[in-house]
Asks: 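Got a structure for you, written out below as C-alpha cells; questions coming shortly.
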Amino acid sequence: MEYNFNEIEKKWQATWDEKGIYHVQDNSSKPAYYVLDMFPYPSGAGLHVGHPLGYIASDIFARYKRLEGFNVLHPMGYDAFGLPAEQYAIEHGVPPAESTSKNIQNFRSQLDHLGFSYDWSREIKTADPHYYKWTQWIFLQLFNSYYNRHENKADRIENLIVVFEKEGNKNFSCPGNDATIFSAEMWNGFEEKMKMDILMNYRLAYCGYGEVNWCEGLGTVLANDEVINGVSERGGFPVEKKTLRQWYLRITEYADRLLEGLQHVDFSESMKDMQSNWIGKSTGAEISFELLDNENQTKNIVVYTTRPDTIFGVDFLVLAPEHILVQKIITKEQQQEIEKYIGYMKSRSERERQAEKKITGSFTGAYAKHPFSGNLIPVWISEYVLAGYGTGAIMAVPCGDERDFKFARHFDIPITNIIGKDFNGEAANDTKDAILEKSDFLDGLRMRDAIQIVIQNLAEKNIGKAKVQYKMRDAAFSRQRYWGEPFPIIWKDGIAYPMTENELPLLLPPIKDLSPGLNGEGPLANNREWIENVPGGGVRESSTMPGYAGSSWYFLRYMDPHNDQKFCDKKASDYWGQVDLYIGGTEHAVGHLLYSRMWTKFLFDLGTISFDEPFKKLLNQGMIQGSSRFVYKLNLDIENASQLNAPVIFISKKYADDFLQKNIASEELENKISEILKSYFGNDDDQIKIISKNIIPIHADVNMVDGFELDINAFKKWRNNEYANAYFILEYDQYICGAEVEKMSKSKFNTINPDDLVLKYGADTFRMYEMFLGPVEQSKPWDTKGIEGVHRFLKKLWRLFFDETKGNIITIDKASPAEMKLLHSTIKKVRDDTERFSFNTAVSAFMIAVNELATLKCHKAEILEPLLILLAPYAPHIAEELYQHVRGIQQKNNYESIVDALLPIVDEKYLTETSKEYPLSVNGKLRTTISISLVAVQQEVEAIVLENDIVKKWLDGKPPRKIIYVKNKMINIVI
RNA sequence: GCCCGGAUGGCGGAAUUGGUAGACGCGCCAGACUCAAAAUCUGGUAUUAGCAAUGAUGUGCAGGUUCGAUUCCUGUUCCGGGCACCA
C-alpha cells in the first residue's frame, strides 16, 4: 500500500468537516485557549507560499493545545473593506462587493487544501452589514465619549455636560484646544452650535480641520503609516499636506496607557520598541520667553524643551515658519526677508525637505528676554522646527544640540558654552553628565540634577511648567472613499448628530460611479439620494471609515459572531478572555496593533469587556521572500536597424556578469554573438554593424527554472511564445540564471502557489516543510528544493506501518526499553519545542525518531500510536489515517478522531539512566571519560573522580586548584 | 543620523542555563538493488596535513573575562528591519 496523500487528505478533510469536529462552544469544563491569526485582506492575487506560514504555525499550536485538553478558539475571517477592491472597481468596473466575495471564495478554497482546523461557523467579514453594524456602534460610543483625565478612563459625554452646567470646564481642560475656558454661566448661555463645537473638542471620535496627508492620485487622505517617503504605500503616488475636514480618533488620550500596557504583554522587544518610539513620550518643560516688543503689546513665546537644565546656554529662539506669532513679531526691516523665506519654504515639497537637510532660516528682528538673566535673545524662524510638535517653538542651545549648533554656525550666532571643557567648539555635546558653568544658580550642578531645580524655579515664577509630550498624533479616521463603513452621522446646521443604536446598521448603498465628489469629498457625496434621504432632515456624512476600523475589534466578534443584540456578549468575552496567542507579520506594528489596543482599552473603560489588552502574546512570523530568477537579454543596436530586426539573444550568467562588470563583452562572448548573427542574417553578415550593445536583466518565472538552470523549452513557450525564436548563449550546455532575494510578488514572477505543491506532495508535507525551513519569526527566501526531504520523511513514516508486498506490518508486541526511551525523549523534545514555538527543531525531532525506528525495525503499536498523536498537530491527515489503522489493528474499532485524543506525556522513568559516561577534562582539555551514577551528589562525584587512577596520576598527590564542575554534561578539573 | 535584530560548512539551519560546534534536511561523492532509470537502502561529506591512526585551525573581524566562549563584555565591519529635523 502506497502513501496516497491526495486521497487521504481529501478523505479526512471531508470527515472532519462533516462531523463538525472543529466547532467550539462558548462554555466548557475545559480551560479556554484562544489562538488567532491576523485575518487576511482577500486580495485578487490569492495565496502564495508566504501567507500560510503564520497560519500553519497557529494551526499547529491550536491543535497542540486541543490535544492538551484545552477548549480552543481558532477562527478565521476577512478584512474585507479596503482600497484595492475599490481601485479594481474603478479599473475594471466590477463592484467591490462582488470582487471581494469572489476573492474570499478563492482564499477559502486555498486555505481548505492545507487542512486547517478553523471553526468556520465563526467566520466574519468586516464588509458584512451584520458585522459593520457593530463597527458603527463602537464608533458611536467613541463619539459619545470623552477622556476623563482624573479617572484616567473614557466616560460618557453626558456626564461631562452635567459638569459643564455646574462648574464650566475649569477642572476639565479641553484636549482639542487649551485656550477654551468657560464658566458654568457661560456654558449655559452658549448657543446649541457653540456647545456642540466645544463638545467636539472633547469627543474620542471627533471631526476637525487639520493638515492631512492628501493623495491626489488616490483622491483620498492617508494615515501617517500609509505614507512612505512622501508617497502613498499603495500605488506610490505623491502625498502632500492639505487642510480638510476629517474625522479623528483621540488616541493621544490613551498614549500613556498604551505605553504602560506594553509592560504587561508578551510582545517581542523590537515590537515594543517600535510602538513606544511611535508613541514617542518625552518629558520636559514648557518655558515662556517674554518678548521685547516694539510696537504691539507684549507677547510671550512658549517653547518646549526636554533640557530645561541648559536654560543658560540659550543663544536664540526658533519658531516654526507656520507659527501664529511669526506675523505679529516681525519687524519692518525684516518683513521682506521673512516673507521671502516663507515663500521659499512653501515652494519646497515635503519630499525635498526630507531628502536634503539644508540649514535655512531667517531672523525675525524680534528679541526675547531670558527668563533668568534678562539677556536679549534673537528670535529666528526655520523649517527645522516643526509646527506640529510641542509648541512649534524651541530654545536653541548650540553647545548642547547638534541642529542648534549647525544653525548657529551657519548664521554666525555667538555660542555660549555652559559645560566648560565638555564642549570643544567643534560639535555639540548632548551629555547630561557635564557640570554646569555660567549658569547662575545652577553653577556646579550636574546637568541631570539641574533639570528638576530649573522646572521648580520656573513654576515658582509662573513662567514655565513640567510637560509631557508625545510624538503620536490623533489618528485620522475618515477616508474620501466608497468601500468602507459609512459614518452613522447626520449633519444639520453644521452640527454632527449621531444616529441611534436602533437605526444601525447604516447600509452602504450600492453605487455605480466611484469617482471622487467635489471639494475633496468621497464618491458617496455624488449619491444625493442617499446623502439627503434622512428622516427629520439633514445630510449624511459622505466619507467612510478607514481600513483599520473593522480590524480594530474583530478578535472580539469571533467570541460571539452571530449576536445581533450586542457586539459581543460579556459572558462570551469573559469566557474566552484575551487572545492567548496572536500570530501575524510585523508590518502592523504601529497601525493595527496600536488601534486595536486602543479600542480594547476603550471598550474596557465602558465596562463591556473585562480586559484592557487584546493580545497576551504576539508572535511575528517572518516574511517568506521570493527567490527571483533573471535572464539576461542582450540589446543590440545595429546599423540599418530600420530594415533589420536584431535577433533576441539571452546570455548565461557567467558571460553576463562579466559584461556587466567590465561594461565590455569578452572575446569569447563576442565570438558567440557574431556566430549567432551570422546564422541569423545569413550571408549578409558583412552589412551588419553593431553600434552598441547592453544587457538588461529581466525576471524569468521561477517555475521555469530548476535551481539556477533555465528550462529553455518552457521559457520559449512563456508569455504566448514571446521568446520562441530567441537565441541562448550557454555555459557548460546550460543556461544559468541570475538570482536575487526579493519580496514575493506576481510582477517579479517569483511566486510559488501552495496549491501546486499540495497537489505534488500533499498538505502534510507542505505544512511540515514550511515549518522546517527555519524559525517562524525569521524572514527567509523560499526554496522548493528541500521539500523532498520532508516528503521522504512522511513516506518513511508510512512504511513503518505498511509494507509494499506484505501490507500491514504493525504488531502489538511489547516495546523494548530502548524503544520506550526513544519514544519518550521524542515526546519531551517535541513538546518542549512546540511550546517555545521552535517548530523547525520539532520537525527534526520527528525525523530522527522515524529514522531510528526504521533502523530498529520497530513496528509496534505501543510506540507508534503515541507518536502519531504527537505528530497530529504538524501533519494531521497522515497522523489520523495511520492512527485509525493502528487502532483498528488493536481492535479499538469505535471511531474516535485523533483530534479528540490526548497528547502523550513524558514518562521520565524511561529517560533516566542509572549511570552515564561523562567526558572528563583537565583545565578544559578533554582527557577521558568516566562513568558516574546519576544519583550521585556533588561530593560523591568529587570522591569518585579523585579516586580514579588516571586522575590520581595527573594530580600527582597535590589537591586540585579548583572544584570540579558537573553540569549534567561534563566534568572538569583545574590544576 | 538614531533605535532594534542578525552574521555558524557548498546551501537552509541546530546547539534550550558559559560545557564535546555543525543536529536535522538539501546538495554532492561512493556503494547496494536494477538490463536501465526512478524509488529505496548503506556509507562519506567544516577546512587543512596525512594511506591511516591522528594533529592543527575553525562560529564576520580585533581584543577582553573564564579552566572552558557561537553563547558574556569592549571596539569594529557588513547585512536586515523600524524611525527620521520630535527640541
Side-chain angles (χ1 to χ4, degrees), chain A residues 2 225 229 268-278 280-282 284-285 303-307 310 318 320 353-354 357-359 382-386 388-397 400-404 406-407 430 469-473 586-587 589-590 620 622-623 625 707 741 768-769 772-775 777-790 792-793 795-796 799 804 829 832-833 835-836 838 840-848 851 854-855 918-926 929 960-975:
Chain A
E2 244 183 51
D225 40 301
N229 292 329
S268 70
E269 282 309 309
S270 67
M271 182 61 59
K272 288 183 184 181
D273 278 346
M274 270 190 244
Q275 292 213 359
S276 45
N277 287 343
W278 184 264
K281 181 177 184 171
S282 57
V303 303
Y304 178 71
T305 179
T306 53
R307 297 296 302 275
T310 62
V318 190
R353 282 169 73 170
Q354 278 181 4
K357 280 173 191 164
K358 283 197 207 158
I359 300 166
S382 173
E383 61 181 332
Y384 86 87
V385 174
L386 308 175
Y389 184 75
T391 59
I394 63 155
M395 58 179 220
V397 182
D401 183 280
E402 197 54 46
R403 288 155 309 169
D404 296 348
K406 284 183 178 153
F407 194 84
D430 62 2
Q469 275 291 343
Y470 300 93
K471 277 193 233 178
M472 184 170 67
R473 303 292 144 73
T586 35
E587 67 272 20
V590 288
N620 295 115
M623 222 185 350
Q625 293 135 321
V741 171
M768 288 193 96
Y769 182 57
F772 185 66
L773 225 44
E777 285 163 281
Q778 196 173 301
S779 289
K780 56 236 155 186
W782 177 262
D783 176 18
T784 302
K785 283 234 152 157
I787 200 168
E788 295 278 356
V790 176
R792 255 171 234 154
F793 151 74
K795 282 195 280 187
K796 207 170 200 176
R799 287 198 304 272
E804 256 177 69
K829 173 82 176 142
D832 284 356
D833 286 351
E835 262 150 43
R836 65 189 177 100
S838 179
N840 54 330
T841 52
V843 175
S844 295
F846 282 120
M847 290 177 170
I848 295 169
N851 277 337
T855 312
Y918 283 95
L920 189 142
S921 55
V922 177
N923 283 351
K925 207 157 174 94
L926 185 69
T929 58
R961 191 156 63 84
K962 252 193 184 174
I963 328 159
I964 303 153
Y965 294 84
V966 179
K967 266 200 174 169
N968 205 20
K969 277 201 175 157
M970 68 178 296
I971 300 164
N972 187 38
I973 307 166
V974 184
I975 50 176

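Below, chain A is the first sequence line, B the second, and so on; all start at residue 1.
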Asks: State whether the number of non-hydrogen atoms from other residues, nucleotides or ligands found under 6.0 Å of A:Lys406 atom NZ is greater than 12.
Replies: no

Asks: Tell me whether the OP1 or OP2 atom of B:U40 has a side-chain N or O from A:Lys795 closer than 4.0 Å.
Replies: yes

Asks: A:Asn277 has an atom CG; how far is it from atom P of B:G1, in whole Å?
Replies: 18 Å

Asks: What would the secondary structure line of RNA chain B be in dot-bracket form, counting Watson-Crick and G-U wobble pairs under 3.5 Å, with [ ] for pairs that cross earlier ones and | for pairs with another strand?
Replies: (((((((..(((......[....)))((((((.......))))))((((....))))..(((((..]....))))))))))))....

Asks: Look at all strands and tell whether A:Glu788 reaches a base, only sugar-phosphate, or nothing, counting heavy atoms closer than 4.0 Å.
Replies: nothing

Asks: Give A:Asp783 one of three labels, base, sugar-phosphate or nothing, depending on what nucleic acid heavy atoms sit under 4.0 Å from its own.
Replies: nothing

Asks: Does B:A39 have OP1 or OP2 sitting under 4.0 Å from an N or O in the side chain of A:Arg792?
Replies: no

Asks: Is A:Lys281 touching bases, backbone alone, or none of the nucleic acid, heavy atoms closer than 4.0 Å?
Replies: nothing

Asks: Enter syn or anti for the glycosidic conformation of B:G9, syn applying to angles within 90° of 0.
Replies: syn

Asks: What's A:Pro775 touching, base or sugar-phosphate or nothing? Going by heavy atoms closer than 4.0 Å.
Replies: sugar-phosphate

Asks: Measuring to OP1 and OP2 of B:G5, would you say a side-chain N or O of A:Ser268 lies under 4.0 angstrom away?
Replies: no

Asks: Can you see if the side chain of A:Lys796 gets near the phosphate of B:C41 - specifically, an N or O under 4.0 Å from OP1 or OP2?
Replies: yes

Asks: Report the nucleotide, chosen from B:C3, B:C41, B:A87, that has the shortest atom-to-atom distance to any side-chain atom of A:Thr306.
Replies: B:A87

Asks: Is the phosphate of B:G1, meaning OP1 or OP2, less than 4.0 Å from a side-chain N or O of A:Arg403?
Replies: no

Asks: Could you tell me whether the phosphate oxygens of B:G6, OP1 or OP2, come under 4.0 Å of any side-chain nitrogen or oxygen in A:Gln778?
Replies: no

Asks: Would you indicate, yes or no, if B:G25 has its OP1 or OP2 atom less than 4.0 angstrom from a side-chain nitrogen or oxygen of A:Asn840?
Replies: no

Asks: Return no unless some side-chain N or O of A:Tyr389 is found under 4.0 Å from OP1 or OP2 of B:A87.
Replies: yes

Asks: Within the structure shown, what part of the strands sits under 4.0 Å from A:Thr586 by heavy-atom distance: base, sugar-phosphate, or nothing?
Replies: nothing

Asks: For a ring pair (Phe, Tyr, Trp, His ring centres under 6.0 Å) check, start with the C-alpha distance between A:Tyr769 and A:Trp782, then their side-chain angles and the critical distance, and finish with the verdict.
Replies: CA-CA 11 Å; A:Tyr769 182 57; A:Trp782 177 262; 5.6 Å; yes

Asks: I need the OH-P distance between A:Tyr769 and B:C11, as an integer number of Å.
Replies: 16 Å

